[in-house]
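In what follows, a structure is listed as structure tokens, so that the remarks can point back to it.
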Amino acid sequence: MFIPILIASLISSINAASIVSRSQSYPLSQPAVLGPKARITIGNKVIAPDGFERSATLVDGIFPGPLITAQKGDDFAIEVVNELKDESMFKSTSVHWHGIYQNGTNYADGTSFVTQCPIAQNHSFLHTFSAPNQAGTYWYHSHYSVQYCDGLRGPLVIYDPDDPLAHMYDVDDASTVITLSDWYHVVAPVLRHIIGTTANSSLINGRGRYAGGPMSDLAVINVEQGKRYRLRLVAMSCDPNFLFSIDGHNLTVIEADGQLTEPLVVDQLQIFAGQRYSVVLIADQRVDNFWMRSLPNLPNASYVGGTNSAILRYRGAPNVDPTTVNTPPENQLQETDLHALINPGAPGIPEYGKADINLNLSVTITNGTFYVNNVTFKPPTVPVLLQILSGAQEPSQLLPNGSVFVLGANKVVELTLSTTGPGGPHPIHLHGHAFDVVQSAGNKTFNYVNPVRRDVVNAGSLGQQMVIRWVTDNSGPWFLHCHIDWHLDAGFAVVMAESPSDTRAHLNQVPHDWDQLCPTFDSLSPSQLGGGGRKSYEEAASITTLLFPPSPLP
């Protein structure tokens with residue numbers, strides 16, 4: 001259930017926010033780019049990406065965070081430094097490298113209370129990991145409560161110098177990474193108490209407009225007539241999915257979530273929170289400006305006044321808004337039409353229910369709280385990985401009770417997930433793996449021969465199911481959760497603990513600094529945690545009566 005939260009007086013009182021004019025909005029500039037060995041600083045800064053000024057939780061002071069790039073085979077060493085100070089938002093943090101398998105480095109996955117304790121204020125943690133066989137489009141974001149909704153999110157790309165589809169495009173660089181995100185005028189610790197929170201705007205490359213707001217600058221993607229561009233789309237929203245299209249242009253899909261696909265021509269695609277696509281755009285139209293559209297599945301979403309839009313500008317076109325017209329799609333992306341390019345085929349016996357391990361997860365919702373097989377996920381006080389390294393191995397020993405599934409080593413897992421409540425469609429993400437989607441939501445057919453392979457899949461809505469397969473070849477605890485962050489916070493998650501008895505031997509040397517994260521975090525006072533404390537619940541109650549019961553700080 002959605003509720004309006006655009007009550008200006010309440011918002012102003014909560015965040016001391018104000019409307020800013022076009023002249024004060026974001027400057028247009030080239031995106032910041034970092035290499036695989038970098039230091040990123042998490043801090044607070046007042047920004048106005050859609051023309052509404054508010055304090056945010058940012059990486060290096062920008063939204064989205066800087067693009068992190070690497071070449072296939074590079075080693076990563078990224079130090080996360082916590083300089084958060086704003087009392088209204090969380091002051092601890094963690095950063096997850098979404099889509100990176102972390103094989104042998106589960107402790108670097110960045111998942112609060114699953115693979116580590118959060119990084120406390122005025123502390124840091126160095127994430128060292130490699131991704132030897134991975135290339136493609138990824139991203140990073142906070143994995144601490146709903147913190148990434150306040151801004152801690154950015155793209156990550158691993159380039160392949162031997163990309164087998166390189167002949168299809170001429171340009172693939174920082175200027176062709178396109179981030180799609182939602183944006184909120186109220187801080188996330190307040191919104192997490194509200195059942196049915198709705199975004200105020202959606203942004204493309206960190207810029208957008210909201211209904212009734214100023215005509216803020218929009219993102220501009222520059223192209224040259226005759227050239228071919230690999231656009232890397234990253235859906236880093238906390239909630240909505242987007243219908244993405246560019247007026248007058250087809251898009252050829254060549255990658256889904258870091259996995260190359262057989263090229264597929266579409267004129268519109270739906271992209272869910274956490275998902276990524278690479279599409280080839282051929283700049284074969286007249287020299288002009290064209291609307292780039294990203295319509296969220298939110299109430300009353302439209303393109304009026306340049307909302308949910310950016311500008312595709314051909315070199316030589318005037319510096320003005322486009323006048324192109326949105327036409328209904330004739331060739332919308334269907335997930336079942338996507339096929340893995342490299343080593344296609346799902347593992348195991350190609351028949352439903354014939355995997356080594358067959359899991360059925362049923363998702364229900366009661367009063368805004370989600371339950372997976374009748375259990376709601378509550379983060380344990382001791383991270384699951386630390387429990388395993390301390391000797392816990394059986395499901396009965398691993399907390400949280402009922403939320404940890406222990407899987408044997410090198411087994412084919414087939415997971416069926418169905419939803420019996422509102423709030424969908426739900427994007428489901430599995431850490432530590434890509435998986436084969438043998439049944440897409442809303443589709444009755446199974447495909448074990450050449451399904452799409454990815455790491456976030458739409459599980460559909462009420463009465464639908466999806467089926468995925470993967471092999472348990474990566475010992476450690478891996479989070480499986482809805483990537484609508486409000487739903488994760490409301491309990492929509494489980495942990496897949498792969499061969500716990502092998503985890504210690506499978507892991508590289510666990511850093512000493514990792515061992516210090518929990519004692520430091522556990523010693524923090526409520527004021528050091530931030531998030532507004534009891535005040536955040538009172539502020540939520542001043543917006544609506546549709547509230548979760550009061551809950552402790554995460």
Side-chain angles (χ1 to χ4, degrees), residues 39-44 55 57-59 78-97 105-128 141-152 187-190 192-193 377-392 397-401 403-404 476-477 479 485 488-489 493 495 503-504 507 509-537 550-554:
R39 170 183 289 183
I40 61 174
T41 301
I42 314 301
N44 302 117
S55 179
T57 298
L58 304 175
V59 182
I78 304 174
E79 184 180 16
V80 177
V81 181
N82 182 351
E83 294 185 359
L84 293 166
K85 295 182 174 62
D86 192 316
E87 298 289 340
S88 71
M89 289 176 284
F90 297 123
K91 294 195 287 188
S92 297
T93 193
S94 77
V95 177
H96 168 57
W97 318 98
T105 50
N106 178 271
Y107 52 78
D109 193 47
T111 312
S112 293
F113 309 114
V114 177
T115 65
Q116 69 171 74
C117 280
I119 305 166
Q121 181 189 34
N122 300 320
H123 288 74
S124 65
F125 180 64
L126 177 65
H127 295 256
T128 55
H141 58 84
S142 170
H143 227 305
Y144 177 60
S145 186
V146 292
Q147 187 178 57
Y148 93 74
C149 305
D150 277 327
L152 202 174
V187 293
V190 170
R192 70 184 288 260
H193 297 299
F377 184 85
K378 294 183 178 176
T381 54
V382 178
V384 182
L385 177 58
L386 182 55
Q387 296 176 49
I388 291 171
L389 294 180
S390 300
Q397 299 174 307
L398 291 164
L399 299 175
N401 278 327
S403 292
V404 182
F479 220 12
D485 220 30
L488 167 58
D489 195 53
V495 175
T503 298
R504 182 177 291 279
L507 290 183
Q509 181 70 36
V510 178
H512 173 72
D513 286 352
W514 183 87
D515 289 317
Q516 300 306 305
L517 290 172
C518 286
T520 303
F521 178 78
D522 292 342
S523 70
L524 298 177
S525 67
S527 66
Q528 289 173 309
L529 290 172
R534 174 70 192 176
K535 186 165 175 275
S536 69
Y537 192 83
S551 58
L553 286 167

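Here the structure is a predicted model, which is why all the values come from computation and not from measurement.
- Taking every heavy atom of both residues into account, Arg192 and Pro554 meet most closely at NH1-CD, 3.9 Å.
- Atom CG in Asn122 sits 7.0 Å away from atom CG in Asn82 (nearest 0.5 Å).
- Using a 4.5 Å heavy-atom cutoff, the side chains of Trp514 and Leu385 are in contact.
- Proximity of the aromatic rings of Phe125 and His123 is defined here by a centroid distance below 6.0 angstrom, and this criterion is not met.
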Quiz item: Yes or no on side-chain hydrogen bond (donor to acceptor under 3.5 Å, both in side chains) for Glu83 and Thr41, after CA distance, side-chain angles and deciding distance?
Solution: CA-CA 7 Å; Glu83 294 185 359; Thr41 301; 4.8 Å; no
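- We find the CD-OG1 distance between Gln147 and Thr57 to be 5.5 Å, quoted to the nearest 0.5 Å.
- Contact of the Gln528 side chain with the Ser523 side chain is not registered, since no non-hydrogen atoms from C-beta on lie closer than 4.5 Å.
- Distance CG/Asp150 to OG/Ser145: 9.5 Å, rounded to 0.5 Å.
- With contacts defined as side-chain heavy-atom distances shorter than 4.5 Å, the pair Val495/Phe479 qualifies.
- Between Ser94 and Gln116, the shortest heavy-atom contact is CB-NE2, 3.9 Å.
- Contact of the Asp109 side chain with the Val114 side chain is not registered, since no non-hydrogen atoms from C-beta on lie closer than 4.5 Å.
- Of the inter-residue distances, the one linking Phe113 atom CZ with Lys378 atom NZ reads 14.5 Å to the nearest 0.5 angstrom.
- Ala120 and Leu524 make their closest contact through CB-CD1, 3.8 Å (heavy atoms, listed as atom of the first residue, atom of the second, distance).
- Side-chain contact check for Ile388 versus Pro477: some heavy-atom pair is nearer than 4.5 Å.
- Annotation: side chain of Tyr144 is not in contact with side chain of Leu152 (no heavy-atom distance under 4.5 Å).
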Side chains of residues 515-522: which donor-acceptor pairs under 3.5 Å do they make with residues two or more places apart or in other chains?
| unit_1 | atom_1 | unit_2 | atom_2 | d |
| --- | --- | --- | --- | --- |
| Thr520 | OG1 | Gln516 | O | 2.9 |

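- Taking every heavy atom of both residues into account, Pro189 and Met89 meet most closely at CG-CA, 3.8 Å.
- Summarising the geometry of Val404 relative to Leu399, their closest heavy-atom pair is CG2-O, 3.8 Å, with the distance given to 0.1 Å.
- Every ring-ring contact (aromatic ring centres under 6.0 Å, His included) that His141 has, sequence neighbours left out, goes to His96, His98, Trp139, His143, Tyr148, His483.
- The heavy-atom pair separating Asp86 from Ser88 by the smallest distance is OD1-OG, 2.7 Å.
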